[in-house]
Engineer: 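I have a structure I would like to understand better, so I am pasting it below and will then ask my questions one at a time.
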Amino acid sequence: MQMWVYVVRRAALVIPVVIGVMTVLFVLISALPTVERTCSFYHPSGRTSPCTTQIPCSTDPSKLCPNPVYQSAVNALGLNKPIFVQWAIYIGNALTFQWGYVAQGSALGTGETGSGLPSLAGQSVATVLSEFLPYTIELALLALLIILVVSIPLGNLSAVYRNRPIDQASRVMSFSGYALPAFLLGSLILAGVTFALGGPAAPSKICGGTSTVFLDFYGSWPTPPCTPLYGTANIGPVGYPAWLSIGYISTPTGFPTVDSAIHGQYWLALDTLLRLVLPALVIAYTTIAGLLRFVRNSMLEVMNQDFIRTARAKGLPEQTVIKKHAGRNSLNVTITVLGLTFAGFITGFPVVEIVFNLWGVGRIYAYSVVGGVNDWDFGVLFGTTLLFTYLVVAANIIVDIMYAYLDPRVRLG
Amino acid sequence: MAARYAQYKRTWYFLRRNTLAMVGLAIIILFAAAFVYGLTYPASSSTPVQYCASNGPVPVSPDNPCYDAPYIVCTYPSGTVSPGPGCYQTPPDNPNFIAPTFTLAHGLGAFPFGSLVYPSADLSTSDPLFYNTYTMLEKGTVNSVGLSVLIVATGAGVGLLLGALSGYFGGWIDEIVMRITDIFLSIPAILLVIAVIIVGKSSGLRSFDETLVLIGIAFVVVWWPFYARIVRSQSLVVREQRYVEAAKASGASNGRIIVKHVVPNSVYPVFVQMSLDVGTIPLLLAAITFIGFVLFPYPLIPEWGSVAAAGASILTAVFTECGVKGAVCAVPWWQVAFPGLAIFFFSLSVNFLADGLRDALDPRLRR
Amino acid sequence: MSAAQPISPASPAVDTGTPAPSPLSLPIEAPAAAPDLRPVVLDVRNLVTYFYTYDGVVRALEGVSFKLRRGETLGLVGETGCGKSVTMFSVTRLIPDPPGRVVSGKVLFRGADLLWGLGHEARFIPVKGTNRVKVKRSFRRVKAAQARVGSVRGAGIAMIFQEPTQAMNPIFAIHDQLGEVLLEHRGEEVIDGLMASTPDLPAVRAAAEALERSVKVSDEAMRAAAKAVGEAAHLTSFGTQAFYMARQARTSGQGNLATEVSRAASRMRISGAQASFLRGERELRKIAREMRSVYISEMRRGEFERVNRGRLGARRLRLRLRRIPYRLPGIKRRVSRPLREETFWRAVQALEGVQIANPVQVARGFPHELSGGMLQRVMISMALACDPEILMADEPTTALDVTIQAQILELMNELRRRIGTAILLITHDLAVIAEVADRVAVMYAGQIVEMASVHDLFTRPLHPYTQGLLASIPRVDQPSKKLESIPGSVPNLIFPPSGCRYHPRCPHAMPVCKEQRPPMTVEGTGHNVACFLYNGAPVVE
Amino acid sequence: MVATPSLTMPGGDGSVDGERVLLSVRNLRKFFPIRGGLFSSHIGDVRAVDGVSFTIHEGETVGLVGESGCGKTTVGRLLLRLIEPTSGHAFYRPTPEILQRIEEDYREIDLGGTPAPGNGSARPLSEGASKALRDLDQIANQYSLFRKRRKEVKALRGRLQIVFQDPFSSLEPRLMVRDIIAEPLDIQHVGTRAERMHRVDQLLQDVGLSPEHAWRFPHEFSGGQRQRIGIARALALRPEFIVLDEPTSALDVSVQAQVLNILRRLQQEQRLAYLFISHHLSVIRAVSDRVVVMYLGRIVERAETDELFSRPLHPYTQALLSAIPIPDPLLHRERIILSGDVPSPADPPSGCHFHTRCPAVMPICSKVSPPLAEVRPGHWVSCHLFPPTVPSGAGGAVETLEAGPAAEPIGEPSTAASTSGPLPP
């Protein structure tokens, strides 16, 4: 079977999965009370939310609601049509990124997130997420890099030097990674670094001034006095995170470091990148934990195979036997497992972004579920869930293709 | 039977040679003991209960001595006094309040100790509930461990059934089940759990017990696909075995083969996975609470995850406060430390044991 | 010996366990009557290998001794679990360790003892109350020993295995797996040949035209012409390449062959970077070779040459560091192209050697695309790539169909005639032995019970076990309705029978068989047997 | 290409004396679909078993021999309905007159040239043929194993049993021997538990093991003993027919003899019929009364054992015989070495499947697939070298010759042309 056939088929397999995911979400959504649905999934004007005034309508949706906004919402979502029509409508919306709008009542809507984030009420969920996605992607890429660089060599080593100190060390590492909650690890590292550099109150090492060491690691952006862009309010349209009240620059790519570099603010770029290192480490640590044992065990399995014996019998040096013959074979397993754990990997983002006070999709998600019943923002909530699912699916496709590339049995299968 | 016994002995032999597994086993036994003892505590109910000066329940009331015990007031060098989370002082008007000069004995709850405060996860609520460490740990053990075990058992049951069916029959059944697992596996766990719980809550299930049920349902929904996958791969192997064919040749029905051959052969890996997951669930609960989602209604019923998460968020708050204003204030680290350690050790021990089991049961991995 | 006794060379129990002083341990050799003058290439002296398992110590090999002379084929035959394969893997230190361990013995190859330093590698601690023995290995020493023995594998002692489909790495192409052997053991010569090649294009062009003309004539003509092309290019492998290009041209029937060939020749020029890369590669091979000779001299002189090892290691390290830039993916591919092509065509040549009809396709293919028979041919070509002194074949035809088996056996016979390496053929099939081997050693429960020339063994089998074995073979060439069989089954080697290990199944068992182990005695020229029924002179060195 | 050699043949071989026919396998086919391409559509078939016909009588041993991938194992599993056939019948205990009817029907069908099931019609159905078809169908409903309902099958399971090759994967490692052997009895609810246990002991003794072995686990036994346990399990329901699927291939020679002798003893005691599947011609010769040689899913030769081994006719059989190494260094024979590998059954060669490796290949071989015809009494060969000469009592053979081309459409319509024309693409 040619490669492209394989790729196309693998991609085709995604369709049912994606549809299925949407269906699951649809089932959940349609279990919501009517008003919650209308608040966040349909927004006629794009500015004001129908919910705040129309709560009474929710008490019994069947009764014709006087409010035209509410009524039009019901029509637009097809709430008065048979269920499968509603389903079709939802699928359509989900595929076309019409994921609803930030509700006014929610924390995001009122801007009571305590993070300087202005009220996003009425903004389209997709837009908000798209603005924050690049931050998360940067973090993810860094974390993935760390994961691959650490887990594969370490796993192989601990298989080769089985039950010797290095194996034990990696074992302890992986278990502690399993057992340490990400938020705990994060706060500990944060606290540790802070105190190592002179405690929370000590002045910043990077830019001095009133900023503190703690703030050098806390948050996506340096605090105002350090920002070379400070005061340059006349640059470009809104795009550079406006809620950091430090002026405006254009963001061609949306990726903070890249943009800063583009604007020639290399120091800012570096600073932004440095702020990603600790969180990336935290995420990587927890993911590596899951990966390490698999790598080791698969390596052990491969080392028992006949062809390893053959390689030795051919008189190849042990290094070649391990690196080439065993390593390449166990790499397949590693990649597959990485694909499987990707969902878990992504799940780590909300927590870490909260701990380190980073901008990103995860943090927005956290804000959408914060607080009590009336603070929830269903649009953002389900929108983020969709987004993350898309990411996972995409990752799995990539993994499978890589696998096929690495293993001729699959490629030519 | 002697031979069967010998098999167990063999497994036990390999397990015993694995130091980490033994350590894990020991800790687990401790937790089990704590669990059993914790059951003797009054069942958690929706009526506000607090554990403050004593280990026994005391009704909440404004005139209760340690009602306003929390850590709300902050002193700054300037001498100005302003409220802010994470800093504390001894309120002069409260004789019962013991300043948290912390000793190990306190931490272990060796005697009543009112001021180690574990606030409600919901920081917005003005009147948090207080536990001393000891109580928190006891009730935490009951709730966390009990919940995890229940969830995992259910999930494993569902997965075992579906996995065996799909693996054994293959064909379209397999296709369907596997696609469904794909779907559920590609939705990140925490997000799905929260979605389910939120839907449940917004349709009115908000009491403590209802929440527990909701959590259970949510996690089972998330968890069964893993088991289905495992069991399926196992039963794919078993299905090809000659002895299954022999059973067919003498007229065994599919049901019989599944019950007698497929399921028993899938039990070990499932068991290993279960023990891993039991350790994972408190972590997820913690994460959920940490990002600010109010899992349990007020009053907070101690569950390691939520307590630790609440503590951690206070920790961060303290850092920002002190960091920015350069205030002199101690860090209420114990609010994270104890529940965190509980989670850590529980999960760690469980993992040790599970890994030891895997090695002992899988001849390839034996040392 | 009582099974409860802990088995370890350290403990006194060994003296009963490993038969150091017992007559059996004396090496076997044909008596002076008809001395076999061919030099001995492999001399195995009372090899003892145990497996330290949960259930106890499996005494897999108990004092196995034999000699292998140049150019002869020694058949090692016996039932499953008699230790044929264990013998082979013990000799080359390839038994899985843990649980297996060569406990004692000597394996002399090129005057070097492959098992040197065995005593220091591990300590044996019997577990009280069980018949388990705990083995504490010295990781460093085991690694060193592996490296030493590794230096004779492949080039000195080559091996082919039972399951060709599992013995090949599934994710690398055939030419890759075959080429790496060539590079490992013949690297310098390959690279020299490559760097010496300076194609003078006019000559190549002329030869290529000749080749184009020959395409219509015949295969032989094509070969000759292609050879000429190779000479013109000063690179034999280029001749092979040209030949297959010509074949391609003939089948497709189009394309102007001459220009293609000369274009290929012009592409052969080696750029400066490539040249320096090749020099570095060559240096690495050279160091590897010297390292091997150091190992061998270690085993010969019986002492650890720390100095030389260190010197070579340092050199290699420096070289590796200098060559880091070449490791970068993009660069590496470009720089190593000539070497890769060279090895590919060398691999093709090697495949031609084992009569594979379409070597180019096979070389490009992956293991799972080839049939078992084809893979076994590839394995053989891999084993013989750098003509080893000894070829060990572990059940080379068991996994194959009858007709394919016939092909492989034919091939092995043919190669044997051509190359004349000594072959140790391990099989459970006496018929195969009868077809291929010169001498036979019959093994039972980890010991050699009879050793004779093929003719003697089949005409005059002495040991009851051999007799039973021969009687129980169903013959396709004569109708036999009632089959003979040996009662009982192979003993459990954790608790091997006392005395002669065959006595529980032996029809002629005598009381003495229970008590003591029969010594190896000489019964006629080169015919030795270990059985109390015969009282010839004990075998002497 | 052409799937079907002539369907016509006397039940089993004319030479069989009054033994009752136990199983008459007719034109058995099993195609495994190959899926591939973008939408994993059905792009071809692995013709594992392609029109195989033979007969098994009570208390006899039929040897089924061939190289790996020739479909011999598939035949065995088909007969036990472990997998369902694509087409064909296996008539169970047909009475002589029924057998007669079957004969005539098939002859009619041959002449009428109906399409074999699953293939497009090449010619309009002749009157007689259609009638015969109907009659055959009716008989099949009553006698064919493959038409049995589930209930009947379960009842029948006891009568037909199987012993597998691999003595290690054929016994459930978790169960004790007594449970393994008693399993068929449990399934069929035979007797009380005590009776079953008693039966187990008795079975163990039958296969030369002792009752205390019942309390052990499989991993405590050697290969030979495991194989005996397998046999005991097969015997548990008192079968009359056992498929022996390479029962000794995994065993040592010294033990193999033990197992074979046990099998023979049991056959004499219990009047069992065996289908002995193996790739060891020598073993086949030792045990079987009649031998069927298969190559790529088709029967190439079929005869009495001694006849076959003393006078092998088909080039493949000859090559097979000469390829077997003989444990006798003195004996030096001229051996036929076949070139190349067995072609994949996914796309078998056109015409005679063997022509790619055949030393005596003729032009016709690659075009027409030779019919299986009786060239000597009871000696059936499918090869163009041997035009059937013997006008045997059952005149099937002669008609076969004529019916050869006529029978082409049965296989595939396309090759009807190919018989006279060029190679089909």
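For the numbers below, each heavy atom of this structure counts, side chains included, while hydrogens, waters and symmetry mates do not. Keep in mind the model is a prediction, meaning the values are calculated, not measured. All chains are named by letter (A, B, ...) in the order of the sequence lines, taking the proteins before the strands, and each is independently numbered beginning at 1.
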Engineer: Side chain, backbone, both or neither: which part of B:A287 has a heavy atom under 4.5 Å from chain A?
Structural biologist: both

Engineer: Taking the side chain as every heavy atom from C-beta outward, state whether A:R171 and B:D355 have any pair of such atoms under 4.5 Å apart.
Structural biologist: yes

Engineer: Quick one: of A:N396, A:V392, A:T384, who has the most non-hydrogen atom pairs under 4.5 Å with chain B?
Structural biologist: A:V392

Engineer: State, yes or no, whether a side-chain contact exists between B:V350 and A:Y178 at a heavy-atom distance under 4.5 Å.
Structural biologist: no

Engineer: For B:P188 and A:F388, which heavy atoms make the closest approach, and how far apart are they?
Structural biologist: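 Looks like CG-CB, 3.7 Å.
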
Engineer: What part of A:A31 gets closer than 4.5 Å to chain B, counting heavy atoms only: side chain, backbone, both or neither?
Structural biologist: both

Engineer: So which heavy atom on A:A179 is nearest to which on B:F344, and how close?
Structural biologist: CB-O, 3.5 Å

Engineer: Roughly how far, to the nearest 0.5 Å, is the OH atom of A:Y365 from the CD1 atom of B:I190?
Structural biologist: 8.0 Å

Engineer: Take atom CZ of A:F294 as the centre, draw a 6.0 Å sphere, and report whether it contains more than 12 heavy atoms from other residues, nucleotides or ligands.
Structural biologist: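 Not buried by this count: 12 neighbours or fewer within 6.0 Å.
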
Engineer: Rounded to the nearest 0.5 Å, how far does CG of B:L191 lie from CD1 of A:I346?
Structural biologist: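 Answer rounded to 0.5 Å: 9.0 Å.
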
Engineer: Contact part of B:V196 toward chain A, heavy-atom cut-off under 4.5 Å: side chain, backbone, both or neither?
Structural biologist: both

Engineer: Before giving the answer on side-chain contact (heavy atoms from CB on, under 4.5 Å), spell out for A:V370 and B:F293 the whole-Å C-alpha distance, their side-chain angles and the decisive distance to 0.1 Å.
Structural biologist: CA-CA 5 Å; A:V370 81; B:F293 179 63; over 6 Å; no

Engineer: Measuring heavy-atom distances to chain B, does A:F382 have an atom under 4.5 Å in its side chain, in its backbone, in both, or in neither?
Structural biologist: side chain

Engineer: Between B:L192, B:I183, B:I288, B:V221, who has the most heavy-atom pairs with chain A when the cutoff is under 4.5 Å?
Structural biologist: B:I183

Engineer: Would you say the side chain of A:W376 lies within less than 4.5 Å of the side chain of B:I198, judging by non-hydrogen atoms?
Structural biologist: yes

Engineer: At a heavy-atom separation under 4.5 Å, does A:L180 approach chain B through its side chain, its backbone, both, or neither?
Structural biologist: both

Engineer: Can you tell if the side chain of A:V355 reaches within under 4.5 Å of the side chain of B:F290, non-hydrogen atoms only?
Structural biologist: yes

Engineer: Using non-hydrogen atoms only, which part of A:F342 is less than 4.5 Å away from chain B: side chain, backbone, both, or neither?
Structural biologist: neither

Engineer: Output, in order, the C-alpha distance, side-chain angles, deciding distance and verdict of side-chain contact (heavy atoms from CB on, under 4.5 Å) for B:S202 and A:F378.
Structural biologist: CA-CA 10 Å; B:S202 53; A:F378 297 93; 4.2 Å; yes

Engineer: Between atom CD1 of A:I19 and atom CZ of B:R179, what is the distance when rounded to the nearest 0.5 Å?
Structural biologist: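 A:I19 atom CD1 to B:R179 atom CZ measures 14.0 Å (nearest 0.5 Å).
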
Engineer: Given a strict heavy-atom distance threshold of 4.5 Å, which part of B:F184 is in contact with chain A: side chain, backbone, both, or neither?
Structural biologist: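 The side chain, not the backbone.
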
Engineer: So which part of A:V24 gets closer than 4.5 Å to some heavy atom of chain B, the side chain, the backbone, both or neither?
Structural biologist: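 The answer is the side chain of A:V24.
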
Engineer: Compare all side-chain heavy atoms of B:S186 with those of A:V21 and state whether any distance is below 4.5 angstrom.
Structural biologist: yes

Engineer: Given heavy-atom pairs under 4.5 angstrom as the criterion, report whether the side chain, backbone, both or neither of A:T23 touches chain B.
Structural biologist: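 No part of it gets close to chain B.
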
Engineer: Measure distances from A:L28 to the heavy atoms of chain B and classify the residue's part below 4.5 Å as side chain, backbone, both or neither.
Structural biologist: both

Engineer: Sort out for me which of A:A182, A:G362, A:S368, A:P181 touches chain B most, counting heavy-atom pairs under 4.5 Å.
Structural biologist: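 Max contact count across the listed options: A:P181.
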
Engineer: Among the options B:T280, B:L276, B:I180, B:I194, pick out the one with the most heavy-atom pairs lying under 4.5 Å from chain A.
Structural biologist: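 Looking at each option in turn, the highest pair count goes to B:I194.
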
Engineer: Using heavy-atom distances under 4.5 Å, tell me whether B:L283 contacts chain A through its side chain, its backbone, both, or neither.
Structural biologist: side chain

